[in-house]
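Single-structure report; data block below.
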Protein chains: 2
Amino acid sequence: MKQRLAAIGTVEALPHRVAAFLSREIESGELNPGTRLPTEQQLSEKFGVSRNVVREAIAQLRADGMIEARQGVGAFVLAPEQRASIRIDGEALKATGNMERLFELRCILEAESAALAAERRRQEHLDAIKAALDRMSGEERWEEGSIDADLLFHREIARATGNNYIHTFISFVCEQIRRSIHYARLTNPLHDLVEVNVGEHVRIYEALVAGDPTAAEAAMRAHIVGAADRVGVKLPASRAAHSTGR
Amino acid sequence: MKQRLAAIGTVEALPHRVAAFLSREIESGELNPGTRLPTEQQLSEKFGVSRNVVREAIAQLRADGMIEARQGVGAFVLAPEQRASIRIDGEALKATGNMERLFELRCILEAESAALAAERRRQEHLDAIKAALDRMSGEERWEEGSIDADLLFHREIARATGNNYIHTFISFVCEQIRRSIHYARLTNPLHDLVEVNVGEHVRIYEALVAGDPTAAEAAMRAHIVGAADRVGVKLPASRAAHSTGR
DNA sequence: CTTATACATATCATCCTACAACTGCGTCGG
DNA sequence: CCGACGCAGTTGTAGGATGATATGTATAAG
């Protein structure tokens, strides 16, 4: 039996499609942890692709920790608890509503990150953050260069926390948001809001210099709510707006 | 019969080794973002493996968002900012200090998560959380079953936020921490602390039922600080301990 | 009958060759 | 000058062949 893989407009590579198919089957519970996958031979026949393609797909899933392959035996589905890594695909962000959720997550992470950074920042961190801020305010319009500087500003703050995980997560989230900005600029004229954006960043920076966690957190929350609004994302009514510190 | 040599210290699979090699080259900056990788042909000669192996290695790196392959052109190193996916390797947690950082991240995420859940939880969420709590307190000792219930408790709270990303992140972080628990139990007798653990969970649950975000956040912070301490992780002196709400 | 050895089989791991699809660039003809 | 075309190089896919490894099964020794 030959199964047709979803062939949406874009020409996604075959291995990716096979991996996505199997991944969905695993996530949805159709393939319980512990069960053995069909052999590569069977899979290649089922999907109508070469074994090479199947192998690449399985290699991906194995790298993601979803399955384990034992030579001479077969490939087995691993329980989520056994997985050694996490991966979040940027593709999934395109679904409606995900942008709001992502901004919400960003708000949580960055607000706390700003507070931690205010406590732990050293001079070198402040210098790096200041440099990004200068690059940002030097630009006339809010475009490629200044957006880079904008994101760098946030990453540098994350770095100042001294926590690599926070830095990694925030870097990732920021990059996802960069894409939405790129998209939003096509429909909205955002240029005249540069001063507002810079002003928000300056307030964050000043709080960091002062070493005031509460002020830094409040400034960051205010900024992210504003930034979300500027790209057309309405944060759900929640504590995200309560930028009153603790 | 001649005994078959047990393959102890099994060699890592070839694709994995190639991927690790290239990955190190990229991370260390020897291969700058934007540069083109050698062709698959050249790489297969360089490493003395088949092109197939090289392809699997590249497929892994591509899945990790490290490189981008364009048909007819070549494979290019992506800047960290351009990566479309995030992956955290469980192996890295073994490094000293990483456990503390992970707990810190967990504290941030879960505290806010609890607050959001207190606002948005529906009856079904409360039921699920209560079920996990009951399963946990039903156990005599803090072992496999009750730890499962413990983590389920936290995942259900994350689910109650209605934000998939939060749920995903917390699920992952929790699973990493489960391992540290398993390890910590080998050296520390933790059993007599069950009541403390359950008590902390009950307070979180009650805050959720009451729909009190501030109390939920405070209870969660207190719990995580306590949990970290019980598995031998000392959270860095920080606002993490200021469970005074906002 | 029990046990151990040898064999057969199934499966993944790797290698190999060939071709298709695509890109970039130079060439050639207008 | 310039556009159409073809060529070489590269990745993507196909399919077979062989090696490595685990598992089951039949066979022979005790």
Side-chain angles (χ1 to χ4, degrees), chain A residues 1-22 26 31 34-78, chain B residues 1-22 26 31 34-78 82 84:
Chain A
M1 170 200 58
K2 207 162 162 178
Q3 187 148 359
R4 187 160 289 280
L5 291 170
I8 328 280
T10 54
V11 273
E12 280 286 356
L14 285 179
H16 186 272
R17 273 195 274 172
V18 173
F21 186 93
L22 293 175
I26 293 174
L31 289 173
T35 59
R36 213 194 70 182
L37 268 67
T39 69
E40 295 176 353
Q41 186 74 262
Q42 291 169 324
L43 287 176
S44 72
E45 287 170 6
K46 176 178 177 184
F47 293 121
V49 300
S50 76
R51 287 200 300 285
N52 250 327
V53 170
V54 172
R55 278 196 63 79
E56 280 192 31
I58 288 181
Q60 274 184 234
L61 296 178
R62 207 169 43 153
D64 287 352
M66 294 181 81
I67 70 177
E68 175 198 30
R70 297 213 304 267
Q71 188 171 228
V73 184
F76 298 84
V77 178
L78 287 178
Chain B
M1 124 191 198
K2 38 194 188 316
Q3 184 177 358
R4 197 165 288 256
L5 288 178
I8 45 173
T10 41
V11 227
E12 285 281 359
L14 258 41
H16 186 273
R17 274 197 278 175
V18 173
F21 187 93
L22 293 176
I26 293 175
L31 289 174
T35 60
R36 212 194 74 181
L37 269 70
T39 69
E40 296 176 352
Q41 189 72 259
Q42 292 170 323
L43 287 175
S44 70
E45 287 169 8
K46 175 178 177 183
F47 293 115
V49 299
S50 77
R51 191 180 150 219
N52 223 317
V53 170
V54 172
R55 279 194 62 78
E56 277 193 35
I58 288 182
Q60 273 184 236
L61 296 179
R62 207 169 42 154
D64 286 352
M66 276 186 175
I67 68 177
E68 174 198 31
R70 295 212 302 267
Q71 185 172 231
V73 186
F76 298 84
V77 178
L78 286 179
Q82 301 174 287

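What you see is a predicted model; the values in this text were computed from it and never measured.
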Separation of [N] [atom2] from [X] [atom1] (nearest whole Å):
X: Leu43(A); N: dC12(C); atom1: CG; atom2: C1'; result: 12 Å
X: Ile58(A); N: dA13(C); atom1: CD1; atom2: C1'; result: 12 Å
X: Glu40(B); N: dC15(C); atom1: CD; atom2: P; result: 14 Å
X: Gln41(B); N: dG12(D); atom1: CD; atom2: C1'; result: 14 Å
X: Arg55(B); N: dT10(D); atom1: CZ; atom2: P; result: 14 Å
X: Glu68(B); N: dT23(C); atom1: CD; atom2: P; result: 13 Å
X: Leu37(A); N: dC12(C); atom1: CG; atom2: C1'; result: 13 Å
X: Arg62(A); N: dT11(C); atom1: CZ; atom2: C1'; result: 13 Å

Polar atoms only, N or O, under 3.5 Å: list the protein pairs with nucleotides 16-21 of chain C and their distances.
from    : atom 1 : to       : atom 2 : distance (Å)
dC16(C) : N4     : Asn52(B) : ND2    : 3.1

What pair of heavy atoms forms the shortest contact from Val73(B) to Arg36(B), and how long is it? O-NH1, 3.3 Å
Ranking Pro15(A) and Val73(A) by the position along DNA chain D of their nearest nucleotide, the one closer to 5' is Pro15(A)
Starting at [atom1] of [X], measure out to [atom2] of [Y] and round the result to the nearest 0.5 Å.
X: Leu14(A); Y: Phe47(A); atom1: CG; atom2: CZ; answer: 11.0 Å
X: Gln41(B); Y: Leu43(B); atom1: CD; atom2: CG; answer: 10.0 Å
X: Leu37(A); Y: Met66(A); atom1: CG; atom2: CE; answer: 10.0 Å
X: Arg62(B); Y: His16(A); atom1: CZ; atom2: NE2; answer: 8.5 Å

Below 4.0 angstrom from OP1 or OP2 of dG9(D), is there any side-chain N or O of Arg70(B)? no
Side chain of Val53(B), heavy atoms from C-beta onward: which of dT13(D), dT14(C), dG12(D) has the nearest atom to it? dT14(C)
What nucleotide, of dT11(C), dA14(D), dG12(D), holds the atom closest to the side chain of Leu14(A)? dA14(D)
Symbol by symbol from the 5' end, with Watson-Crick or G-U pairs under 3.5 Å, [ ] crossing and | another strand, DNA chain C is ||||||||||||||||||||||||||||||
With Val77(B), the side chain to side chain contact (heavy atoms under 4.5 Å, CB included) member among Leu61(B), Leu22(B), Ile26(B): Ile26(B)
Enumerate donor-acceptor pairs with a distance under 3.5 Å from any side-chain N or O in residues 50-59 of chain B to protein atoms, sequence neighbours excluded.
from     : atom 1 : to       : atom 2 : distance (Å)
Ser50(B) : OG     : Asn52(B) : N      : 3.3
Ser50(B) : OG     : Val53(B) : N      : 3.3
Arg51(B) : NE     : Glu40(B) : OE1    : 2.7
Arg51(B) : NH2    : Glu40(B) : OE1    : 3.0
Asn52(B) : ND2    : Asn52(A) : OD1    : 2.7
Arg55(B) : NE     : Glu56(A) : OE2    : 2.9
Arg55(B) : NH1    : Glu40(B) : OE2    : 2.9
Arg55(B) : NH2    : Glu56(A) : OE2    : 3.4
Glu56(B) : OE2    : Arg55(A) : NE     : 2.9
Glu56(B) : OE2    : Arg55(A) : NH2    : 3.3

